[in-house]
There are 2 protein chains.
Amino acid sequence: MAKINDNGTLREANCSEELMAMRDSLDVLGGKWKLMILRFLTNRTHQIINFKKMQREIDGISAKMLSKELKELETNLLISRTEQQTRPITVVYAITEYGKSVLPVTETLVQWGLSHREKIIESIK
Amino acid sequence: MAKINDNGTLREANCSEELMAMRDSLDVLGGKWKLMILRFLTNRTHQIINFKKMQREIDGISAKMLSKELKELETNLLISRTEQQTRPITVVYAITEYGKSVLPVTETLVQWGLSHREKIIESIK
DNA sequence: GTAACCGGTTACCCAAGAGAAACTACTATG
DNA sequence: CATAGTAGTTTCTCTTGGGTAACCGGTTAC
């Protein structure tokens, strides 16, 4: 992590830049639901996903929050919203190519969550 | 991501487990400051970090929030708090071995934040 | 003695987050 | 004609997050 400069001093000037980059990420991806939604859509790229389906399958999310978060994700070009000209009208949500770039983030969170749960369970034994 | 079962159907039973794992992660690591603090301490493992230093160097954090978040991180064994028997008394905060396991998460967030910023800048041109 | 450092805590307050439930509008099914 | 499904929006409310500022006790340097 820490790098040594030519003169032997420690280089940490980029630390604040790192923290700023992380702040940027958290501003766009932070909150209770956005990463959950992105992960869900990433897992279902081959399925047609509409509003009610997400509401049913993402545990605990309300219609209001889902609606709000979907709008914000669409604004940031992470997901797409497509109205199908069927009757009744249906809407398809999908992850965009750009949205797929978030996959490493959700992946590390899933992995950490799994190992964290293991740790908690072991600490109880 | 999606796997195919022996019978040809798509296997997605583990999706909800993934989302549950992510929910676990977000419960422990979510919020405005926790990942920022962990990243900061990860970057400074070779330095002695005390309260005021963090307050000065983590942009925008207040003493109240820093105090609160540090307690929660300590409870979850992600950081350690050590009082030095100096005069005046000083306190050293450091990341634990377990806290280091969060590094992949902060790393992907930093990387995504950097590329996101590039994308925004390019979209303005 | 007084200003400034450390390591916080406490009180106050506002805004945002977030849930519940009702409601709109349309369509298809029984 | 009633029920249920799609796709949300609106209203109402409560809680939480989070910022400001004052404050505590102690120590050291001027």
Side-chain angles (χ1 to χ4, degrees), chain A residues 19-20 22-38 40-41 44 47-76 78-95, chain B residues 19-20 22-41 44 47-76 79-95:
Chain A
L19 293 188
M20 283 169 59
M22 225 166 80
R23 171 56 59 224
D24 290 344
S25 293
L26 294 175
D27 285 344
V28 177
L29 305 174
K32 192 169 176 180
W33 297 111
K34 291 205 183 69
L35 286 168
M36 300 278 284
I37 293 170
L38 289 175
F40 180 82
L41 288 176
R44 308 296 185 96
Q47 280 187 19
I48 290 173
I49 302 295
N50 49 35
F51 190 89
K52 288 289 180 189
K53 192 160 195 166
M54 299 181 73
Q55 198 188 340
R56 276 191 304 267
E57 299 194 26
I58 299 180
D59 194 37
I61 196 166
S62 67
K64 187 185 96 173
M65 289 307 297
L66 183 54
S67 175
K68 201 191 90 186
E69 302 287 67
L70 288 174
K71 278 177 192 163
E72 294 179 19
L73 290 171
E74 197 191 351
T75 299
N76 282 312
L78 295 168
I79 65 168
S80 65
R81 178 187 189 277
T82 316
E83 290 191 9
Q84 310 284 79
Q85 290 314 310
T86 53
R87 299 179 162 261
I89 212 163
T90 53
V91 177
V92 173
Y93 291 96
I95 194 148
Chain B
L19 293 188
M20 283 170 59
M22 225 166 80
R23 172 56 60 225
D24 289 344
S25 293
L26 293 175
D27 285 344
V28 177
L29 305 174
K32 192 169 175 180
W33 296 111
K34 290 205 184 66
L35 286 169
M36 300 279 284
I37 292 169
L38 289 176
R39 182 73 183 185
F40 179 81
L41 288 176
R44 308 295 184 98
Q47 280 187 17
I48 290 172
I49 302 295
N50 50 35
F51 191 88
K52 289 290 179 188
K53 193 161 195 166
M54 299 181 74
Q55 198 188 341
R56 276 193 303 266
E57 299 194 27
I58 299 179
D59 195 36
I61 197 166
S62 67
K64 186 184 98 172
M65 288 309 297
L66 184 53
S67 175
K68 200 190 92 186
E69 303 287 67
L70 288 174
K71 278 177 192 163
E72 294 179 20
L73 289 171
E74 197 193 350
T75 299
N76 281 312
I79 65 169
S80 64
R81 178 187 187 277
T82 316
E83 290 190 10
Q84 309 284 80
Q85 291 313 312
T86 53
R87 301 183 159 257
I89 214 164
T90 52
V91 176
V92 174
Y93 290 96
I95 193 149

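No hydrogens, no waters, no symmetry mates; every other heavy atom, side chains included, goes into these values. Residue numbers start from 1 in every chain, and the chains themselves are labelled A, B, ... in the order their sequence lines are given, proteins ahead of strands. Source: prediction; values computed, not measured.
Here the P atom of nucleotide D:dT27 and the CD1 atom of B:Ile89 are 10 Å apart, to the nearest Å. Look at CD on A:Glu74: it is 14 Å from C1' on D:dA7, rounded to the nearest Å. Atom P of nucleotide C:dA18 and atom CG of B:Leu26 are separated by 11 Å, given to the nearest angstrom. Remark: C1' of C:dT9 and CZ of B:Arg81 are 12 Å apart, rounded to the nearest angstrom. Between B:Met65 atom CE and D:dA21 atom C1' there is a gap of 16 Å when expressed in whole angstrom units. Distance B:Ile61 CD1 to C:dG7 P: 15 Å, rounded to the nearest Å. Counting to the nearest Å, the P atom of C:dA4 and the CD atom of B:Gln55 are 17 Å from each other. Rounding to whole angstrom units, NZ of residue A:Lys52 and C1' of D:dG8 are separated by 7 Å.
Counting non-hydrogen atoms under 4.0 angstrom, A:Leu66 reaches nothing in the nucleic acid. Looking at heavy-atom distances under 4.0 Å, B:Ser62 makes contact with a base. Counting any heavy atom pair closer than 4.0 Å across all strands shown, B:Lys71 reaches sugar-phosphate atoms only and no base atom.
Proximity of B:Leu19 to A:Asp59: side-chain heavy atoms (C-beta onward) are nowhere separated by under 4.5 Å. By the 4.5 Å heavy-atom criterion applied to side chains, B:Ile37 and B:Ile61 are counted as neighbours. Residues B:Leu66 and B:Phe51 form a side-chain contact, since some pair of their non-hydrogen atoms from C-beta on lies under 4.5 Å apart. In this structure the side chain of A:Leu29 reaches within 4.5 angstrom of the side chain of A:Leu78, judged on heavy atoms. Looking only at side-chain heavy atoms (C-beta outward), A:Met22 and B:Leu35 come within less than 4.5 Å of each other.
Using modelled atom types, one side-chain atom of B:Arg23 and one backbone atom of A:Lys32 make a donor-acceptor pair closer than 3.5 Å. Side chain of A:Thr75 to backbone of A:Lys71: a donor-acceptor contact under 3.5 angstrom is found.
For D:dT6, neither phosphate oxygen OP1 nor OP2 lies less than 4.0 angstrom from any side-chain nitrogen or oxygen of A:Tyr93. Of the side-chain N and O atoms in A:Arg56, none sit less than 4.0 angstrom from OP1 or OP2 of D:dA7. Contact annotation: A:Ser67 does not reach the phosphate of D:dG8 (side-chain N/O to OP1 or OP2, under 4.0 Å). Taking 4.0 angstrom as the limit, B:Thr90 places none of its side-chain polar atoms (N or O) nearer than this to OP1 or OP2 of C:dC6.
If you check distances only, the side chain of B:Lys64 does reach the base of D:dG18 with a donor-acceptor pair under 3.5 Å.
A heavy atom lying under 4.0 Å from DNA chain C marks the following residues of residues 27-35 of chain A, by number: A:Lys32, A:Trp33.
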